[in-house]
Amino acid sequence: MSKVKPALVQGTRDLSPDMMYKRSYVISVIKEVFEKYAFQPLETPAMERLDTLTGKYGDEGDRLIFRILNSGDFKKEVPADVWQTAESNTLAGLICEKALRYDLTVPFARFVAMNRHAIALPFKRYQIQPVWRADRPQKGRYREFYQCDADVVGSTSLWQEVELALIYAEVFEKLKLPVRIRLNSRKLLNSVALKAGAGEKFGIFITILDKLDKIGRQSVVDEWLKAGFDASGIGSLSSWIFDEKVDLLKVEKHLGAENEGLEEVRFVLEKVKSLNPDAPLLFDPTLARGLDYYTGCIFEVVAEGVAVGSIGGGGRYDNLTGIFGVEGIPGVGISFGLDRILLALEERGLTGFAQVSKACVMVTGLSEEDMPFAAEVAYAFRKAEISTELYPIATKLKKSLEYANKTAIPFVAIIGEDERSKRSFTLKNLKTGEQSSFALTDNQGWMKAFSVG
RNA sequence: GUGGCUGUAGCUCAGUUGGUCAGAGCGUCGGAUUGUGGUUCCGAAGGUCGUGGGUUCGAGACCCAUCUGCCACCCCA
């Protein structure tokens with residue numbers, strides 16, 4: 001076999017032990033909160049049938065789906081002339097029947113459609129798994145990344161939105177990451193678009209609106225006008241919609257009191273704030289979100305002071321399972337972008353929570369004769385539920401202490417001839433340099449020493 | 001998918017108009033210290049200058065391609 005230079009696929013990365021400690025912690029926080037709000041775990045396969053995924057994310061989304069080449073003699077299935085003349089895209093459709101999942105929501109919808117009979121509604125599930133997108137990587141943008149989703153299907157109650165917003169607030173509070181949770185409603189956006197005379201061109205309208213952060217108010221207005229929307233409508237719209245803090249009463253004045261979207265937003269905002277006054281939830285009429293399937297409330301989370309894009313998003317979709325032939329099951333869900341959350345924590349220096357050492361204590365023997373007893377000591381520690389590493393060869397103390405120091409193991413139990421003959425060990429605290437001797441049978445003694453460190 | 005920037009020892013980077021320019025710091029390894037690390041001192045190893053072509057008497061430096069990272073667009077976690 002010829003030698004290959006080791007390399008990673010574009011947009012992917014290895015997660016070192018160092019990173020894994022941090023990730024595990026963040027995942028544990030998210031999972032804990034999900035379970036506290038009574039969501040149940042679910043996992044689905046990395047690959048789905050291609051037709052399960054296509055058409056769910058818009059044209060742009062379809063392009064970003066990683067397709068999997070058929071096994072076997074896939075060429076045989078394609079007529080020669082087609083093979084010659086077809087566009088790459090068409091051809092890919094003929095030789096790929098599977099794809100890597102693009103998000104967790106559509107596979108979940110597929111699961112619900114397939115298991116409708118076995119599920120008690122409302123069904124609340126959470127799912128923490130990687131997804132893949134054939135995007136061009138940038139900072140905080142990977143081709144393989146983790147999403148942590150919580151969705152409820154089978155309930156139209158706005159209390160679900162309230163609880164999901166509370167989850168967002170609680171997770172980021174626990175992670176000590178300052179965020180802004182933006183809230184809007186697609187229905188409200190619809191009314192806004194109507195005011196602007198957007199009518200059929202709702203998509204174009206919100207796409208332009210969505211660019212507000214990047215291009216600024218004036219450019220948004222200009223683009224709207226260029227797109228041919230009603231000038232007077234836009235004029236009155238721009239008098240309030242870009243305000244930093246939008247007063248709901250003001251919105252009501254412009255859209256009328258009988259506005260469903262406004263009522264949704266008001267309800268969620270009020271209930272969340274009354275339960276958790278510190279929740280950083282705020283109404284933002286300019287929040288649009290691109291995904292085709294949202295129909296009600298929409299959420300987006302951005303980290304304060306860190307440019308990593310949004311670290312979470314979600315919303316309500318009235319009929320996601322419809323395309324799988326199961327009608328009338330509404331859903332609402334949120335997603336956490338694990339990789340971006342970690343990036344944000346990293347940039348703000350908030351990863352101090354991470355466990356730094358794999359082991360609490362390392363046992364080292366000075367000669368081969370000491371090794372059996374060293375192993376016995378290590379085993380005794382483990383029986384006491386202490387994470388223990390046995391230095392695998394008898395070596396100079398300098399060596400093993402250096403190793404313990406580098407890997408941040410706080411204690412070293414030293415076994416030499418003396419210790420072995422007395423069935424004891426010398427316990428050194430690497431932080432303070434103190435050391436004392438314990439009989440192996442003196443569990444209470446050495447357990448106390450460990451707890452002090 | 002479109003456009004731009006980038007790539008030199010494990011890491012962070014020097015390298016002048018193409019002609020000893022293959023370097024520094026940190027890290028790694030060995031020794032000072034054969035039962036004591038994190039400090040100090042001494043010494044050593046490690047790079048076909050991302051990769052593949054090309055221009056040139058001569059290229060790390062120029063050109064082309066490709067890969068990677070990053071940035072903008074698009075989109076999004």
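Chain A is the first sequence line, chain B the second, and so forth, proteins listed ahead of strands; every chain is numbered from 1.
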- Query: Closer than 4.0 Å, any side-chain N/O of Lys399(A) to the OP1 or OP2 of rG35(B)?
  - Reply: no
- OP1, OP2 of rG69(B) versus side-chain N and O of Gln10(A): anything below 4.0 Å? yes
- Item | Ranges pairing with ranges for RNA chain B, where each run has three or more Watson-Crick or G-U pairs under 3.5 Å | B:1-5 with B:69-73, B:10-13 with B:23-26, B:28-32 with B:40-44, B:50-54 with B:62-66
Nearest-Å distance once atom [atom1] is located in both [N] and [M]:
N	M	atom1	result
rC76(B)	rC13(B)	P	34 Å
rG23(B)	rC64(B)	C1'	30 Å
rG7(B)	rG52(B)	C1'	15 Å
rC11(B)	rG27(B)	C1'	7 Å
rU55(B)	rG47(B)	P	29 Å
rA9(B)	rA14(B)	P	12 Å
rG10(B)	rG46(B)	C1'	9 Å
rC49(B)	rU6(B)	C1'	15 Å

- When you measure from the side chain of Lys211(A), which nucleotide among rC74(B), rC76(B), rC70(B) comes out closest? rC74(B)
- Of rC75(B), rC71(B), rG35(B), the nucleotide closest to the side chain of Asp135(A) is rC75(B)
Scan side-chain atoms only and decide if [X] and [Y] contain a donor-acceptor pair under the 3.5 Å cut-off.
X	Y	answer
Tyr168(A)	Glu300(A)	no
Tyr294(A)	Asp318(A)	no
Gln160(A)	Ser155(A)	yes
Ser367(A)	Asp370(A)	yes
Ser16(A)	Asp18(A)	no
Tyr126(A)	Asp151(A)	no

- Message: Regarding Gly11(A), tell me which of base, sugar-phosphate or nothing describes its non-hydrogen contacts under 4.0 Å with the strands shown.
- Response: sugar-phosphate
- With a non-hydrogen cut-off below 4.0 angstrom, is Thr207(A) in contact with a base, only sugar-phosphate, or nothing? sugar-phosphate
- May I ask you to list the residues of residues 140-149 of chain A, by number, that have any heavy atom positioned under 4.0 Å from an atom of RNA chain B? Gly140(A), Arg141(A), Tyr142(A), Phe145(A), Gln147(A)
- Query: Listed in order of residue number, which residues of residues 295-324 of chain A have a non-hydrogen atom at under 4.0 Å from RNA chain B?
  - Reply: Ser310(A), Ile311(A), Gly312(A)
Dump the pairs, protein N or O against N or O of nucleotides 45-47 of chain B, anything under 3.5 Å, distances to one decimal.
none

Using 4.0 Å as the upper bound for N to carboxylate O, is an ion pair formed by [Y] and [X]?
X	Y	answer
Arg143(A)	Asp135(A)	no
Lys98(A)	Glu48(A)	no
Glu264(A)	Lys187(A)	yes

- Task: Side-chain contact test, heavy atoms from C-beta onward, threshold under 4.5 Å: evaluate it for Leu287(A) versus Leu183(A) and give yes or no.
- Result: no
- Task: Applying side-chain hydrogen bond (donor to acceptor under 3.5 Å, both in side chains), name anything that partners Arg63(A), two or more places apart in sequence or on another chain.
- Result: Glu60(A)
- side-chain hydrogen bond (donor to acceptor under 3.5 Å, both in side chains) with Asp222(A): which residues, sequence neighbours excluded? Gln218(A)
- Partner residues of Glu419(A) under the salt bridge (charged side-chain N to carboxylate O under 4.0 Å, His left out) criterion, sequence neighbours left out: none
Can the positive tip of [X] be found less than 6.0 Å from the middle of the six-membered ring of [Y], inside 45° of the ring normal?
X	Y	answer
Arg133(A)	Tyr102(A)	yes
Arg23(A)	Tyr146(A)	yes
Arg125(A)	Phe108(A)	yes

- Item | From CA spacing to verdict: side chain to side chain contact (heavy atoms under 4.5 Å, CB included), Leu350(A), Leu177(A) | CA-CA 8 Å; Leu350(A) 295 169; Leu177(A) 182 67; 4.0 Å; yes
- Restricting to pairs with a member in residues 394-407 of chain A, which pass salt bridge (Lys or Arg N to Asp or Glu O under 4.0 Å), not counting sequence neighbours? Lys398(A)-Glu402(A)
- Query: Can you pull the salt bridge (Lys or Arg N to Asp or Glu O under 4.0 Å) pairs that have at least one residue in residues 162-171 of chain A, sequence neighbours excluded?
  - Reply: Lys36(A)-Glu170(A), Lys124(A)-Glu163(A), Glu170(A)-Lys174(A)
Nearest whole Å is fine: how far is [N] [atom2] from [X] [atom1]?
X	N	atom1	atom2	result
Ile215(A)	rA72(B)	CD1	P	15 Å
Ile27(A)	rA77(B)	CD1	C1'	14 Å
Arg67(A)	rG1(B)	CZ	P	11 Å
Ile208(A)	rC75(B)	CD1	P	11 Å
Arg420(A)	rG35(B)	CZ	P	14 Å
Tyr294(A)	rA77(B)	OH	C1'	11 Å
Gln138(A)	rC74(B)	CD	C1'	10 Å
Glu368(A)	rU34(B)	CD	P	20 Å

- Message: Return whichever of Phe336(A) or Glu60(A) has its heavy-atom-nearest nucleotide of RNA chain B closer to the 5' end.
- Response: Glu60(A)
- Contacts of type ring-ring contact (aromatic ring centres under 6.0 Å, His included), residue Phe66(A), not counting sequence neighbours: none
- Test applied, side-chain hydrogen bond (donor to acceptor under 3.5 Å, both in side chains); reference residue, Gln127(A); option that passes from Thr44(A), Thr105(A), Asp149(A): Thr44(A)
- Query: Going 5' to 3' along nucleotides 36-44 of chain B, which nucleotides have protein heavy atoms under 4.0 Å from the base (write B), which only from the sugar-phosphate (write S), and which from neither (write -)?
  - Reply: BBB------
Using the 3.5 Å cut-off, write out each protein N or O paired with an N or O of nucleotides 3-12 of chain B and the distance between them.
{"unit_1": "rG3(B)", "atom_1": "O6", "unit_2": "Arg136(A)", "atom_2": "NH1", "d": "3.1"}

